[in-house]
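Values reported hereafter were calculated over all heavy atoms of this structure, with side chains retained and with hydrogens, waters and symmetry mates removed.
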Amino acid sequence: MYRSRITGLGFYVPENIITNHDLEKYMDTSDQWIRERSGIEQRRFFTEGKDTVSLMGARASEIALQRAGLEPKDIDFIIFATLSPDYNFPGSGCLLQRHLPFREIGALDIRTQCTGFIYGLSIADQYIKTGMYRNILVVGSEIQSNILELSTRNRDFAVLFGDGAGAAVVQRSDNPRHGILSTHLHSEGKYAEDLVLEHPGSNLKNRMSIEIIQQGKHLPFMRGNAVFKHAVQRFPEVILEALEANNLTIHDLDLLVPHQANLRISKLVQEKLGLRDDQVYNNIQRYGNTTAATIPIALSELWEANRLQEGMLVCLAAFGSGFTWASALIRW
Ligand code: UT7
């Protein structure tokens with residue numbers, strides 16, 4: 001059986017920086033509240049006409065491909081995770097396929113929100129292990145600033161999210177000691193409405209109406225406290241599940257790269273697991289929560305800082321809407 005290895009990483013964030021002070025102009029909030037409750041200091045918002053989810057994914061992919069020493073024609077399959085596709089259909093993977101000179105390869109969209117990148121990595125890993133594909137591109141890309149209502153009624157949600165994209169090249173490896181050791185995927189649909197964007201959905205005859213807009217139901221809804229409570233339980237669970245599945249313990253772990261939802265969540269998870277500050281990577285301060293893109297952006301930054309050293313044990317973990325939660329354990 002083959003092993004899959006991440007051999008290239010890249011990210012792209014829009015140039016438009018929005019600070020907490022900028023948000024104070026639109027709603028009753030403060031830089032202090034946002035920093036204390038979430039750790040966020042700034043985020044990026046896209047520029048219409050310049051950035052689209054698939055184009056941002058393509059920009060991140062170009063960097064990842066270059067670092068892996070591959071060209072678009074070498075890629076066998078595209079996996080694209082996003083909750084904010086360019087179109088309702090077709091999927092953003094197909095749109096990415098036309099942005100770069102790929103062959104006429106398969107392109108799959110993933111809809112598991114914050115866990116999308118890890119779900120994508122898991123799918124890539126299975127295709128590579130079975131020998132079906134050699135080189136797979138896994139992308140997480142989001143434009144969320146245009147579903148944020150910058151007003152006081154939506155302030156708990158609006159201050160958390162940002163736009164960005166990250167990409168990873170996953171390749172077949174001949175070295176059995178390195179690569180993705182295992183992935184662990186979970187969902188619990190009974191909590192779907194605790195973090196949801198309901199409209200436009202297919203369950204109504206009129207997918208969009210004035211009433212829906214007036215009631216604000218075209219905007220995302222989040223029961224923040226419930227999400228927080230479940231997250232701090234599921235993160236440690238799924239990290240320990242990955243370690244146990246490989247007969248390893250938390251003492252073997254070198255680096256945890258958690259989905260960036262809230263710095264307080266990351267800190268509580270770190271505390272529960274007894275990890276040091278230098279063992280947990282956080283960059284939510286600069287980008288906010290970019291949903292499917294947080295983990296590939298974080299990995300790209302670690303790559304650029306030369307912090308992903310061969311032989312390190314790295315765990316990726318995420319929790320979010322669905323609810324879904326997931327982990328991937330990697331011997332770098
Ligand atoms: O990727 C996964 C998706 N999302 C998450 O993981 C998010 C999980 N949840 C959270 O991160 C937190 O629950 C929030 C950051 C959303 C909220 O933090 P909290 O500490 O749970 O605050 P809270 O909802 O309990 O609200 C505390 C107070 C409330 O005022 P009162 O009722 O105490 O007077 C809110 O109205 O803070 C108020 N508040 C704000 N104040 C200033 C809520 N949002 C804001 C805001 N600025 N932006």
Q: For S84 and E142, test the side chains for any donor-to-acceptor distance below 3.5 angstrom and give the result as yes or no.
A: yes
Q) Which pairs, with at least one residue in residues 192-219 and sequence neighbours excluded, count as a salt bridge (Lys or Arg N to Asp or Glu O under 4.0 Å)? A) D194-R223
Q | Main-chain N/O of I284 paired with N282 side-chain donor or acceptor, under 3.5 Å | A | no
Q | Same apolar cluster (I L V M F W Y, side chains within < 4.5 Å links), L302/V280 | A | no
Q | Co-members of the apolar cluster containing Y87 [side chain, <4.5 Å] | A | L95
Q: Report yes or no: does N20 contribute a side-chain atom to a donor-acceptor pair with the main-chain N or O of I40 at less than 3.5 Å?
A: yes
**Q.** ring pair (Phe, Tyr, Trp, His ring centres under 6.0 Å) partners for H230, two or more places apart
**A.** Y191, F323
Q | Nearest heavy atoms of G57 and A165, plus distance in Å | A | N-CB, 3.9 Å
Q | Residue pairs involving residues 24-38 (criterion salt bridge (Lys or Arg N to Asp or Glu O under 4.0 Å); sequence neighbours excluded) | A | D22-K25, D28-R155, D31-R35, R35-E41
Compile the donor-acceptor pairs under 3.5 Å between side chains in residues 243-252 and protein atoms, sequence neighbours left out, one pair per line.
from: N246; atom 1: ND2; to: S182; atom 2: OG; distance (Å): 2.9
from: N246; atom 1: ND2; to: A242; atom 2: O; distance (Å): 2.8
from: T249; atom 1: OG1; to: H251; atom 2: N; distance (Å): 3.1
from: D252; atom 1: OD2; to: T249; atom 2: N; distance (Å): 2.7

Q: For residues 306-315, pull every pair meeting side chain to side chain donor-acceptor pair (under 3.5 Å), keeping only residues two or more places apart or in separate chains.
A: none
Q: Give the intermediate values and the outcome of side-chain contact (heavy atoms from CB on, under 4.5 Å) for residues H199 and I213.
A: CA-CA 9 Å; H199 300 290; I213 293 172; over 6 Å; no
**Q.** Gap between atom CG of L275 and atom CG of L256 - 0.5 Å precision
**A.** 6.0 Å
(Q) For a quick test of reading the model, state the closest non-hydrogen atom pair linking L273 to P236 and the distance between them. (A) CD2-CB, 4.1 Å
Q | Residues clustered with I105, ILVMFWY side-chain links under 4.5 angstrom | A | Y12, F46, V53, M56, L65, L70, I75, I78, F80, L96, L100, F102, L137, V139, I143, V169
Q | Closest non-hydrogen atom pair, Q260 against S266 | A | NE2-OG, 4.4 Å
(Q) Under 3.5 Å, is there a donor on one side chain and an acceptor on the other for Q32 and S30? (A) no
**Q.** Residue pairs passing the side chain to side chain donor-acceptor pair (under 3.5 Å) test where at least one lies in residues 62-71, sequence neighbours excluded
**A.** R67-E304
Q.
For a side chain to side chain donor-acceptor pair (under 3.5 Å) check, start with the C-alpha distance between E237 and H186, then their side-chain angles and the critical distance, and finish with the verdict.
A. CA-CA 11 Å; E237 255 178 41; H186 297 279; over 6 Å; no
Q. Listed by chain and number, what are the side chain to side chain contact (heavy atoms under 4.5 Å, CB included) partners of T112, not counting sequence neighbours?
A. I110, T115, Y119, T324
Q: Take L268 and F228 through the side-chain contact (heavy atoms from CB on, under 4.5 Å) test and state the conclusion after the steps.
A: CA-CA 10 Å; L268 283 167; F228 195 101; 3.7 Å; yes
Q: Check whether any side-chain heavy atom of N289 lies under 4.5 Å from a side-chain heavy atom of H259, and answer yes or no.
A: yes
Q: Report, as yes or no, whether the 6.0 Å neighbourhood of atom OH on Y2 holds more than 12 heavy atoms from other residues, nucleotides or ligands.
A: no
Q.
What I'd like to find out is whether the side chain of I128 reaches to under 4.5 Å of the side chain of S173, using heavy atoms alone.
A. no
Q) According to the ring-ring contact (aromatic ring centres under 6.0 Å, His included) rule, which pairs have a member within residues 123-179, sequence neighbours left out? A) F77-Y127, F77-Y133, Y127-Y133, F157-F161
Q. Hey, does D86 have a side-chain heavy atom less than 4.5 Å from the side chain of L55?
A. no
(Q) Would you compute the distance between atom CD1 of I180 and atom CD1 of I6 and round it to the nearest 0.5 angstrom? (A) 5.5 Å
Q.
Are there over 12 heavy-atom neighbours, none belonging to K229, within less than 6.0 Å of that residue's NZ?
A. no
Q: Mark yes or no for whether D125, through its side chain, and L121, through its backbone, hold a donor-acceptor pair below 3.5 Å.
A: no
Q) How long is the span from the SG atom in C94 to the NE2 atom in H99, to the nearest 0.5 Å? A) 11.0 Å
Q) Counting N and O atoms only, with roles assigned by atom type, does the side chain of N135 sit under 3.5 Å from a partner on the main chain of Q171, one being a donor and the other an acceptor? A) no
Q | Separation of L316 CG from S122 OG (nearest 0.5 Å) | A | 11.5 Å
**Q.** Beyond-backbone contact of R331 with R177, side-chain heavy atoms, under 4.5 angstrom
**A.** no
Q.
Is the shortest side-chain heavy-atom distance between R3 and N175 below 4.5 Å?
A. no
Q) Remaining members of I297's ILVMFWY cluster at a side-chain heavy-atom cut-off under 4.5 Å? A) F11, V13, Y287
Q: Over all heavy atoms of both residues, which pair between E301 and R286 is shortest? Give the atoms and the distance, please.
A: OE2-NH1, 2.8 Å
Q.
Hydrophobic cluster membership, with links at side-chain heavy-atom distances under 4.5 Å among I/L/V/M/F/W/Y: are L255 and I239 in one?
A. no
(Q) Nearest 0.5 Å, please: how far is CZ in R44 from CD1 in I17? (A) 4.0 Å
(Q) Quick check: do W303 and L299 have side-chain heavy atoms less than 4.5 Å from each other? (A) no
Q.
Holding to ring pair (Phe, Tyr, Trp, His ring centres under 6.0 Å), I want the full list of residues that pass it with H21, two or more places apart in sequence or in another chain.
A. none
Q | ILVMFWY network linking I118 to L9, side-chain heavy atoms under 4.5 angstrom | A | yes
Q. Side chains of W332 and D254: closer than 4.5 Å at any heavy-atom pair?
A. no
Q: Give a yes or no on whether R111 atom CZ has more than 12 heavy-atom contacts from other residues, nucleotides or ligands under 6.0 Å away.
A: no
Q.
Is it the case that the side chain of T130 and the backbone of Q126 share a donor-acceptor pair, with hydrogens and angles ignored and the cut-off at 3.5 Å?
A. yes
Q) Do you know the tightest heavy-atom contact between A158 and L148? A) O-CD1, 3.6 Å
Q. D74 versus R134: any side-chain heavy-atom pair under 4.5 Å?
A. no
Q: Using the six-membered ring of F319, assess whether NZ or CZ of R234 lies under 6.0 Å from its centre and within 45 degrees of the ring axis.
A: no
Q: With side chain to side chain donor-acceptor pair (under 3.5 Å) as the test, would you mind laying out the steps for D163 and S145 before giving the verdict?
A: CA-CA 7 Å; D163 304 336; S145 53; 2.6 Å; yes
**Q.** Shared hydrophobic cluster, I330 / L181 (ILVMFWY, side-chain heavy atoms < 4.5 Å)
**A.** no
Q | Joint cluster assignment, L219 & L83, ILVMFWY side-chain distance < 4.5 Å | A | no
Q | Nearest-0.5 Å distance, OG1 of residue T19 to CZ of residue R43 | A | 7.5 Å
Q) Which atoms form the tightest heavy-atom contact between T183 and A328, and what is the distance? A) CG2-CB, 3.8 Å
